[in-house]
Amino acid sequence: MEPGTIDNLSILYQSSDFIVVNKHWDLRIDSKMWYETLTLQSQLKHRFPELADPDTYYGFRFCHQLDFSTSGALCVALNKAAAGSAYKCFKERLVTKAYLALVRGHVSQSRMTIRYGIGKNTTEGMTHMMCIDGTEGCENPKPCQSELIVLEHGSYSGDPVTKVLLQPLTGRTHQLRVHCSAIGHPIVGDFTYSHRKDGNPYRMMLHAYYLRIPAGKELIEVCAPDPFIPAMDSNWEPQHVTHRLDDTIQELK
């Protein structure tokens with residue numbers, strides 16, 4: 001996926017109530033900063049000016065969040081009723097989300113459940129970060145759970161990495177990034193949670209791949225194309241398949 005421009009918005013799904021986009025990496029969903037003119041909101045307004053809702057601050061109702069650095073499937077409600085039905089699905093934990101990531105090192109277990117509680121980091125100079133329960137300065141940690149399934153072992157620019165499928169079963173800020181870092185396998189390109197060491201790749205390798213929202217009379221189910229394949233990034237060289245992606249998604253369903 002190329003970097004975002006105002007007119008290269010990728011649509012995965014569209015109905016009268018919802019749009020699901022494939023958000024670019026390094027793109028904010030919205031911004032109040034005058035100098036940040038390229039956001040997902042500005043892309044949507046450019047592509048669908050007639051669908052922008054003047055009753056909302058940003059013109060569109062985003063059903064959930066993706067980090068600035070994360071790409072992939074993001075659902076947008078086109079009216080208040082649709083936003084309400086999506087909100088209900090998230091609140092009642094009926095939504096299924098799965099992410100693809102490349103993580104540093106070779107993960108030895110083929111599947112694991114990560115259960116570190118996550119809180120806000122209050123340490124000076126680190127207040128933009130989250131942290132795991134038990135670390136110094138970790139405020140108000142809450143129980144968190146993520147599932148990790150190993151898809152492939154290989155290398156990225158010659159260094160050992162593992163391609164994994166991650167499923168967040170709770171919804172804390174930066175949850176997958178913190179959990180991967182906590183087990184000693186930070187996400188490739190995650191400068192923040194690699195103790196400011198991993199800044200060479202062109203992006204952070206985390207992608208919202210699969211999204212399923214049973215929103216009332218409408219079932220939203222999409223996959224955002226996998227960006228972590230050699231044809232898209234020749235630095236990534238898979239060497240050994242542990243689980244096939246298609247089979248693993250079928251299991252989730």
Side-chain angles (χ1 to χ4, degrees), residues 64 66-67 69-73 89-90 92-119 130-135 141-156 159-190 192-194 198 201 203-214 221-230 232-233 235-253:
H64 54 117
L66 287 180
D67 286 352
S69 310
T70 306
S71 60
C89 290
F90 278 94
E92 294 177 1
R93 297 196 175 180
L94 301 174
V95 175
T96 306
K97 291 192 284 184
Y99 293 69
L100 290 171
L102 297 181
V103 300
R104 293 287 177 192
H106 284 167
V107 180
S108 55
Q109 285 177 254
S110 67
R111 292 173 182 254
M112 66 169 78
T113 302
I114 309 169
R115 289 194 176 89
Y116 292 104
I118 294 176
M130 306 299 282
C131 49
I132 59 167
D133 192 7
T135 54
K142 293 183 177 168
C144 284
Q145 187 172 326
S146 305
E147 299 290 333
L148 180 151
I149 298 172
V150 170
L151 298 173
E152 296 173 294
H153 289 115
S155 65
Y156 192 86
D159 297 319
V161 299
T162 307
K163 183 174 178 176
V164 296
L165 189 80
L166 298 164
Q167 190 183 7
L169 300 183
T170 46
R172 290 292 273 166
T173 302
H174 297 176
Q175 177 176 321
L176 297 176
R177 298 167 65 185
V178 173
H179 273 174
C180 287
S181 180
I183 62 167
H185 296 283
I187 293 170
V188 173
D190 189 347
T192 302
Y193 292 103
S194 64
D198 199 348
R203 61 161 292 181
M204 182 178 74
M205 306 297 174
L206 180 62
H207 176 74
Y209 176 70
Y210 175 74
L211 178 66
R212 184 182 191 275
I213 307 174
E221 187 172 33
V222 296
C223 287
D226 177 4
F228 309 136
I229 55 174
M232 300 280 283
D233 186 349
N235 292 306
W236 159 236
E237 294 184 34
Q239 291 152 359
H240 174 73
V241 176
T242 302
H243 293 102
R244 282 172 42 81
L245 178 56
D246 291 350
D247 296 343
T248 309
I249 292 296
Q250 284 302 322
E251 274 183 45
L252 287 187
K253 294 180 183 183

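Bear in mind the structure is a predicted one, so any value in this text is a computation, not a measurement. Residue indices begin at 1 and follow the sequence shown. Note: hydrogens, waters and symmetry copies are ignored here, and every other heavy atom, side chains too, is used.
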Determine whether Phe90 and Ile213 make a side-chain contact, defined as any pair of heavy atoms from C-beta on separated by less than 4.5 Å.
-> yes

Within-4.5 Å side-chain heavy-atom neighbours: Val161 and Trp236 = yes

Between CG on residue Leu245 and OH on residue Tyr209, distance to nearest 0.5 Å | 4.0 Å

Going by heavy atoms in the side chains, are His179 and Ile118 under 4.5 Å from each other?
-> yes

Quick one: OG on Ser146 to CG on Leu169, what's the gap to the nearest 0.5 Å?
-> 7.0 Å

Show your working on side-chain contact (heavy atoms from CB on, under 4.5 Å) between Leu165 and His243 and close with a plain yes or no.
-> CA-CA 10 Å; Leu165 189 80; His243 293 102; over 6 Å; no

For His185, all residues meeting side chain to side chain donor-acceptor pair (under 3.5 Å), sequence neighbours excluded = none

Sort and list the pairs that fulfil salt bridge (charged side-chain N to carboxylate O under 4.0 Å, His left out) and have at least one residue in residues 170-189, not counting sequence neighbours.
-> Asp67-Arg177, Arg177-Asp190

Min side-chain heavy-atom separation Ile183-Leu148 under 4.5 Å | yes

Output for pair (Met112 CE, Glu147 CD), nearest 0.5 Å, gives 10.5 Å

Mark yes or no for whether Ser69, through its side chain, and Met204, through its backbone, hold a donor-acceptor pair below 3.5 Å.
-> no

Contacts of Asp233 meeting salt bridge (Lys or Arg N to Asp or Glu O under 4.0 Å) (sequence neighbours excluded), chain-then-number -> none

Measure from the side-chain N and O atoms of Thr170 to the backbone N and O of Gln145, and report whether any donor-acceptor pair falls under 3.5 Å.
-> yes

Backbone N or O of Phe228 within a donor-acceptor pair of the Lys163 side chain at under 3.5 Å?
-> yes

4.5 Å side-chain heavy-atom contact, Pro168 and Tyr99 | yes

Roughly how far apart are His153 NE2 and His240 NE2, rounded to 0.5 Å?
-> 7.0 Å

CD (Glu237) and CG (Asp159) are apart, to the nearest 0.5 Å, by 11.0 Å

Any side-chain heavy-atom pair of Glu221 and Thr96 under 4.5 Å = no

With no hydrogens and no angle check, is any side-chain donor or acceptor of His106 less than 3.5 Å from a backbone partner on Thr162?
-> no

Passes side-chain contact (heavy atoms from CB on, under 4.5 Å), Lys253 versus Tyr210? Steps please.
-> CA-CA 10 Å; Lys253 294 180 183 183; Tyr210 175 74; 3.4 Å; yes

Do Leu211 and Val95 come close enough that some side-chain heavy atom pair is under 4.5 Å?
-> yes

Could you grab the distance from atom CG of Asp133 to atom SG of Cys144, nearest 0.5 Å is fine?
-> 10.0 Å

